[in-house]
Structures are given as structure tokens and as C-alpha cells.
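Whatever order the structure lists ligands and atoms in, that order sets their numbers, starting from 1. Only a predicted model underlies this, so the values are computations on that prediction, with no experimental measurement involved. Quick note: numbers below take in every heavy atom, side chains included, and nothing from hydrogens, waters or symmetry partners. Throughout, residue positions are numbered sequentially from 1 according to the sequence presented.
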Amino acid sequence: MVVPESQEKMYYPPVELQRNAHVPDFNSYLVMYKKSLENPEAFWREVADEFFWKKPATGPMLQHNFDMTKGNIFVNCMEGAKTNMCYNVLDRHVKEGKLGEKVAYYWEGNSPDHHMTITYRQLLSHVCRCANVLKQMGVKRGDRVSIYLPMIPELIVTMLACARIGAVHSIVVRKVTFNHPMPRDKGQDKVLCVYGVYRGEKLINLKQISDEALEKCREKLLLVMGLSPWNMNPKMYKSCIKSIIQDMQVSSQRDVWWDEVMRDSPDECEPEWMDAEDPLFILYTSGSTGKPKGVVHTVAGYLLYTSLTFRYVFDHHPDDVYWCTADIGWITGHSYITYGPLANGATSVLFEGLPVHPHVGRFWEIIEKYKVTKFYTAPTAIRLAEHQILGTVGEPINPEAWRWYHEVVGQGRCPVVDTFWQTETGGHVLTPLPAATPLKPGSATFPFFGVEPAILNEHGEELEGVTEGYLVFRKPWPGIMRTIYKNQELFENTYFRKFPGFYVTGDGCRRDKDGYYWITGRIDDMLNVSGHLMSTAEVEAALMLHQSVSEAAVVSRPHKVKGECLYCFVTLKDSKEFNCKLVEDLKRLVREKIGPIATPDFIQNAPALPKTRSGKIMRRILRQIARNEKDLGDLSTLADPKVVEVLFNQRSEAA
Ligand code: 6R9
């Protein structure tokens with residue numbers, strides 16, 4: 001991959017940060033990394049020692065088989081140990097750590113007027129009540145509970161309540177319809193939901209959506225949660241209730257009201273002592289390349305891994321205020337809003353709303369309000385911010401966004417940790433450590449402790465030194481997925497069949513002369529022009545160097561002579577015009593940066609790109625738009641299906 005020159009500049013960790021950091025310099029990272037690979041037993045046992053184990057492990061910290069030719073694929077962490085996730089992330093802090101009065105979450109509602117503070121003690125009390133409610137409703141250890149809630153404290157409460165009683169939570173990303181893609185077994189799922197929520201100005205009737213689903217899978221129990229008045233202003237609340245209640249059917253046998261049952265529920269609940277390898281949750285992958293798969297994570301390994309990555313990757317200290325803007329319905333929210341931060345006794349911001357509501361400076365306003373010291377967000381949000389700065393110069397709201405951009409990004413005071421990982425990996429696997437790793441923009445740098453990457457070619461041969469190929473991992477770490485829900489065969493075929501002995505990420509990767517790893521995009525999205533393989537990331541990065549382009553996505557399309565050619569979608573910054581000159585400029589830019597072979601044949605204006613709810617571009621859909629194929633298959637994880645139609649309509653304008 002040809003890296004634009006400016007990207008090769010190294011950014012060194014600020015000295016002030018190094019003074020007090022968990023991993024204060026690159027040499028310390030190397031020493032710890034070496035230990036984690038050479039003696040994983042000692043390394044992970046030390047991590048496990050700070051948690052509570054009802055029964056100690058009888059087996060080793062990690063056992064595995066990654067080679068299908070030698071038997072079933074498995075990972076086993078701390079065999080024989082008994083523990084409880086909820087106890088470790090709440091009771092342990094309140095009872096042993098004296099963190100009862102510490103703030104666990106600053107909740108900030110959709111409207112800036114709605115906010116509340118939840119301490120560890122309060123959270124524990126709510127979780128115990130909810131756990132008792134669930135038990136009352138018949139939820140037992142091992143049952144699956146689907147949760148369909150917005151980013152409100154009840155979401156975290158219900159997750160942890162499930163963990164407390166040993167039920168397996170499955171959080172439904174709110175755009176996913178209920179009958180799909182989840183395999184639903186009669187009598188297995190219990191459903192929890194809220195019956196209405198505001199996103200920005202838009203009211204979403206979740207109750208109705210789940211009713212429809214419940215019709216399709218009878219015998220489910222539904223706990224309806226009222227829109228709590230603290231969730232919105234009284235006027236909004238009234239009109240919302242009115243519009244929903246009109247046609248809502250409340251079933252007395254099935255629907256239970258949160259406020260009522262929680263009020264009477266006792267706030268003590270003995271945790272269920274789970275086996276280390278019992279499932280903690282199921283989460284469906286975002287489906288950017290294929291059908292969503294139900295990834296299964298287990299109790300002990302996930303606890304160790306999310307807690308350790310959170311501490312080191314964000315260099316967590318007790319007085320930090322940390323904010324991850326992800327949705328909890330995405331793995332990032334599970335690992336780095338709920339479990340990782342709580343395992344460390346951290347204080348986090350939990351934000352219900354949208355970055356642009358009621359105005360574009362909302363993110364930076366919240367950062368100011370809570371004095372956020374660690375901020376974790378997605379490139380889409382960063383691009384959006386940059387876009388706002390450049391596109392709305394002079395508007396009154398912009399100084400906040402500007403200040404953030406200038407101080408945080410501009411002055412280089414705050415290291416940017418580019419964390420590469422997947423739903424399947426449970427936590428960060430390639431990542432810088434903020435005080436230790438010199439940064440190169442666009443590179444996820446080096447492996448986290450216990451993680452051993454390799455780059456293979458198509459034939460499964462390992463490539464050394466400067467190279468590019470398939471990113472795989474040689475060994476498990478505690479937080480790796482254990483299986484796909486009810487489909488071990490799909491699990492083995494998807495991640496282990498191609499290269500026996502390795503976990504295959506499905507991502508392409510380059511290693512540069514300094515040993516830095518650069519993710520080049522999903523292998524399925526690779527571009528093949530006249531026999532030359534190119535990654536989507538390199539062509540997109542070249543397009544985004546143009547000052548008019550805020551976002552770009554590139555796919556291949558069949559071509560009579562070349563076999564395949566490049567079809568580019570570009571989203572322009574506000575006020576920039578799509579015209580022939582721009583198209584020529586962009587073609588020239590790509591040719592200059594990468595080479596004549598990469599010259600795009602088509603460039604289409606894309607007012608927006610099809611994305612998953614976590615902000616990933618769904619190139620699979622763009623490929624079909626480029627080819628004018630109307631049968632788009634599974635669109636269930638798409639954030640905004642309207643985008644697809646717009647892009648089809650604008651096809652003819654592609655130059
Ligand atoms: C956490 C999460 C996983 C896929 C992954 C890769 C892409 C994630 C990245 C990255 C480049 C990074 N990805 N982090 N690509 N740099 N820092 O995103 O999980 O939703 O399962 O997606 O996202 O392609 O394979 P998930």
C-alpha cells in the first residue's frame with residue numbers, strides 16, 4: 001500500500017502522560033508483551049488475581065485448538081473456576097473497594113436538560129432489583145434474554161441483571177427487526193423493551209416493533225418499560241405517551257411495567273456462581289460483509305480481557321471521566337461502556353442522543369460539561385466533526401467544535417489510539433498504548449498483550465518483514481469468541497477452515513519497515529484490477545486527500561477489458577459541488593498517489609453512504625449499486641435504508 005507521505009510522520013507520546021502511565025514507554029510495552037507470549041499462564045493469572053473467584057481454576061489459564069485437522073476448535077479459559085461477572089464489576093467495588101459513592105455513569109439524555117448521576121452503590125441496588133424481577137418473570141440461569149432498549153441506564157441495569165442471575169443477554173441493535181436475523185427458539189427468549197424513545201426529533205415506537213415480533217414468536221414474556229419522565233420534558237412526555245398509547249395493546253399476562261415491578265422488588269440478590277466458560281452474552285455481528293452471526297462470549301475470559309485492555313489502552317486512572325460514544329448494541333458498547341469500564345471502577349458518560357441534536361456541537365458540549373478526559377469514538381464521528389468545522393465556518397455553534405479540534409487534534413496533546421478489533425475478538429487486539437507507542441496516523445500499530453498476529457499469503461504461507469496479506473492470529477487470548485450461537489460448524493468454517501492453526505480475521509493487513517500493522521480493509525472488499533490486488537483503504541485514503549471530499553468508498557465493477565475496474569462513491573463536504581472538474585481532479589489524485597492502474601473508471605456523488613449502525617460502510621451494497629443489481633439481500637443491519645434508493649437514483653450521473 002502506498003501511504004501518503006504526510007501519514008508517515010510519527011507522533012510521540014507526550015512526556016507528561018508518560019510520568020504517570022501504566023505502561024510508561026515503548027520498552028516497557030515490549031517487556032510486558034514478551035512476558036505475555038512466553039508465559040501466558042503467569043501473565044493471565046496475575047490479571048485474574050484481582051478479581052473474585054468463588055472457586056479457583058483447576059485447569060490452566062488458557063487451552064485451545066485452532067487446527068481443524070486435529071479436532072474441534074475450542075478455547076477454554078480457567079477451567080473449573082466459578083465466578084460472577086456482575087459481582088466483579090459491582091459488588092467487588094462497593095463491598096471491597098469502597099467505591100460505593102463513586103459515580104459509575106453520568107447519564108446524558110437526548111435532550112440536554114435530562115441528565116442524572118448513578119453511583120456504584122445505586123447501580124448495584126437497581127441491578128439486584130431488576131435481577132429479582134427477572135427471576136419473578138421466570139428467567140433462569142442459561143435462558144436467553146433479548147434486550148431492546150435505547151441508551152438509558154435501564155439498558156446497563158438489565159444487562160448486569162442478566163449477568164447476575166446467569167441469563168445470557170442478547171442486545172438487539174435497534175434497526176434490526178425482531179423476526180430477523182435472530183434464530184428464535186420457542187420458549188427460549190424473554191424480551192425486555194422500552195415502548196418509545198426519542199432519537200433527535202424523531203419518536204421511535206419500540207413497543208410496537210416488539211409486539212410485531214412477539215406475534216411471530218409466541219410464548220414470550222415482555223417487560224414494558226415506561227418512558228420515564230426524566231427521559232424527556234413533560235410536554236414531550238405527554239405527547240409521546242398519547243401517540244403511543246392510542247394503539248398500544250397491553251397484554252396483562254405478558255406485559256409487565258418496569259416502574260411498578262421495580263418499586264416492589266427487593267434490592268438484594270445473591271449472584272449465581274457461574275462456570276468460567278458459561279456464556280455471558282450473544283451479540284450479532286454488524287453484517288457489513290455477510291449475514292449477521294451470533295457471536296458467543298463467555299464469563300471469565302471476557303472479564304479478564306475487557307478489563308485489561310480498558311486499563312492499558314485508555315491508560316485508565318481513578319479520577320478519569322471516560323466517554324465512549326458507541327451504541328451499547330455494538331460490541332464496542334458491551335466491552336468499553338459496560339464491562340471494561342465497570343471492571344476498573346471507572347466513571348463513564350452514557351449518552352442517549354445524537355451527536356448533532358439539538359445542535360452540531362453536542363459532543364464537545366458534553367465533553368466540557370463532564371470534563372471528559374478520555375474520549376473514544378468512531379472515524380465517522382471524527383469525519384463528521386471535521387466536516388462541520390470546514391463546512392460551517394462562522395456559524396455560532398462552531399467555536400466549541402473548533403476548540404476541540406484545535407486543542408485535542410491540533411496541538412497533539414492527546415494521543416489518538418486507533419484500536420483494531422472485532423465483535424469476535426471481544427476486545428482490542430492491535431492497538432497503541434497511549435504513553436508507550438509512537439503513532440503513525442492510520443496504523444493500529446502493534447498487538448496487545450497475549451495477541452500474536454501473523455500475515456499469510458493466499459497459500460497460507462507466513463510472510464515476514466515488510467509485507468501485505470491476510471491478518472490472522474496464532475493463539476487465543478482470553479476474550480476471543482467461543483462459538484457462533486448454535487452453529488459450531490459455521491464458526492469453524494468462517495474463522496478456521498482457510499488456514500488451519502490460525503484464527504482468520506477476514507481483514508487484510510500490511511506490515512511496514514518499522515513493524516507497524518496497517519489494516520487495509522475486509523478481504524471480501526479487495527479490489528482486483530487487471531490482476532492487481534488493491535485494498536479499499538488505500539484508494540479511499542487517496543480520494544479523501546482532496547479537500548472537497550469528506551468520505552469515500554470504493555468497490556470494483558466488471559469491465560470488458562480489465563476484468564474489473566474501480567467504481568468510487570464520494571461524499572462531499574457541505575457547499576462543495578460535484579462536477580466534471582472535480583471528477584477529473586479525483587481521478588488524477590488517485591493516479592498520482594497509487595499509480596495508473598488504480599485510476600477510477602466511475603466516480604459517483606453520494607450524499608450519504610450505506611452504513612451499519614456502528615458506522616461501517618457496507619461495500620457489499622455499493623458493489624451491487626455499481627453493478628445495478630437490484631436484489632440487495634439482507635439489509636437488516638443498515639442504519640438508514642433510504643440511502644440505497646438515493647444512490648440508485650444518482651447512478652446515471654456517475655462519470
Ligand atoms: C470493534 C468493531 C469489525 C471490523 C474489522 C475491521 C473493522 C475495526 C478497525 C477496523 C481498521 C480499525 N475495524 N476496527 N478497521 N482500523 N481500528 O468494529 O467490531 O463491528 O465486529 O467490526 O471492523 O474490518 O474486521 P465489528
Side-chain angles (χ1 to χ4, degrees), residues 1 3 7 171 173 175-176 281-297 302 305-306 309-310 313-314 324-340 376-383 415-433 437 439-448 451 453 468 470-473 479-481 484 494-495 503-511 516-526 535-538 540-541 544 553 611-620 637-639:
M1 171 170 166
V3 182
Q7 291 194 9
I171 296 182
V173 179
K175 283 283 170 182
V176 179
F281 66 84
I282 300 167
L283 183 62
Y284 286 80
T285 55
S286 55
S288 54
T289 47
K291 260 199 158 50
K293 296 182 272 294
V295 168
V296 176
H297 282 287
Y302 186 79
Y305 201 68
T306 53
T309 45
F310 178 81
V313 173
F314 301 115
C324 168
T325 65
D327 194 292
I328 291 189
W330 178 26
I331 188 68
T332 305
H334 282 59
S335 300
Y336 300 114
I337 296 180
T338 306
Y339 293 110
Y376 191 31
T377 195
T380 29
I382 296 173
R383 279 194 289 269
V416 175
V417 285
D418 179 350
T419 59
F420 167 81
W421 59 297
Q422 308 174 298
T423 307
E424 294 87 337
T425 67
H428 308 138
V429 282
L430 297 181
T431 177
L433 302 182
T437 316
L439 305 170
K440 294 189 187 189
S443 168
T445 73
F446 298 106
F448 189 72
V451 172
E468 184 169 342
Y470 289 84
L471 176 67
V472 300
F473 294 107
I480 192 174
M481 73 190 293
I484 289 173
T494 309
Y495 305 100
Y503 166 81
V504 182
T505 59
D507 285 294
C509 184
R510 186 172 73 86
R511 189 168 44 222
Y516 281 64
Y517 289 89
W518 301 73
I519 302 297
T520 57
R522 302 292 302 169
I523 299 273
D524 295 348
D525 291 335
M526 287 289 278
S535 74
T536 50
E538 63 182 318
E540 288 161 9
M544 279 189 274
K611 290 184 181 171
T612 64
R613 275 190 56 83
S614 56
K616 275 188 230 308
I617 297 170
M618 293 180 85
R619 292 185 188 73
R620 168 172 69 84
T637 55
L638 202 58

Checklist entry - Going through the checks in order, is the ring pair (Phe, Tyr, Trp, His ring centres under 6.0 Å) test met by F446 and Y516? => result CA-CA 6 Å; F446 298 106; Y516 281 64; 4.6 Å; yes
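- Distances from atom 13 (N) of ligand 1 to the heavy atoms of F420, W518, Y284 put F420 nearest.
- Using modelled atom types, one finds no donor on one side chain facing an acceptor on the other under 3.5 Å when comparing Y284 with T423.
- Where the criterion is an N or O separation shorter than 3.5 Å, residue side chain and backbone included, W330 meets it with respect to ligand 1.
- Listed by atom number, the atoms of ligand 1 under 4.0 Å from T423 heavy atoms are 19 (O), 20 (O), 21 (O), 26 (P).
- Annotation for ligand 1: atoms under 4.0 Å from non-hydrogen atoms of T332 are 1 (C).
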Next on the checklist: As a quick check of understanding, evaluate ring pair (Phe, Tyr, Trp, His ring centres under 6.0 Å) for F420 and Y517, giving each step before the final call.
Outcome noted: CA-CA 10 Å; F420 167 81; Y517 289 89; 9.8 Å; no
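- When only modelled atom types and interatomic distance are considered, Y376 and T332 share no side-chain donor-acceptor pair under 3.5 Å.
- Heavy-atom distances between D418 and ligand 1 reach below 4.0 Å in at least one pair.
- For ligand 1, the atoms lying closer than 4.0 Å to a non-hydrogen atom of I331 are 1 (C), 19 (O).
- Across K616, H428, H334, Q422, heavy-atom proximity to atom 23 (O) of ligand 1 is greatest for K616.
- Looking at T309 and Y336, their side chains do bring a donor and an acceptor atom within 3.5 Å of each other.
- Taking a 4.0 Å cut-off on heavy atoms, D507 registers as neighbouring ligand 1.
- Between E468 and T520 the shortest heavy-atom distance is OE2-CG2, 3.7 Å.
- Classification of the H428-W421 ring pair by plane angle, with boundaries at 30° and 60°, yields perpendicular.
- Residue I519 approaches ligand 1 through these ligand atoms, each under 4.0 Å from one of its heavy atoms: 11 (C), 15 (N).
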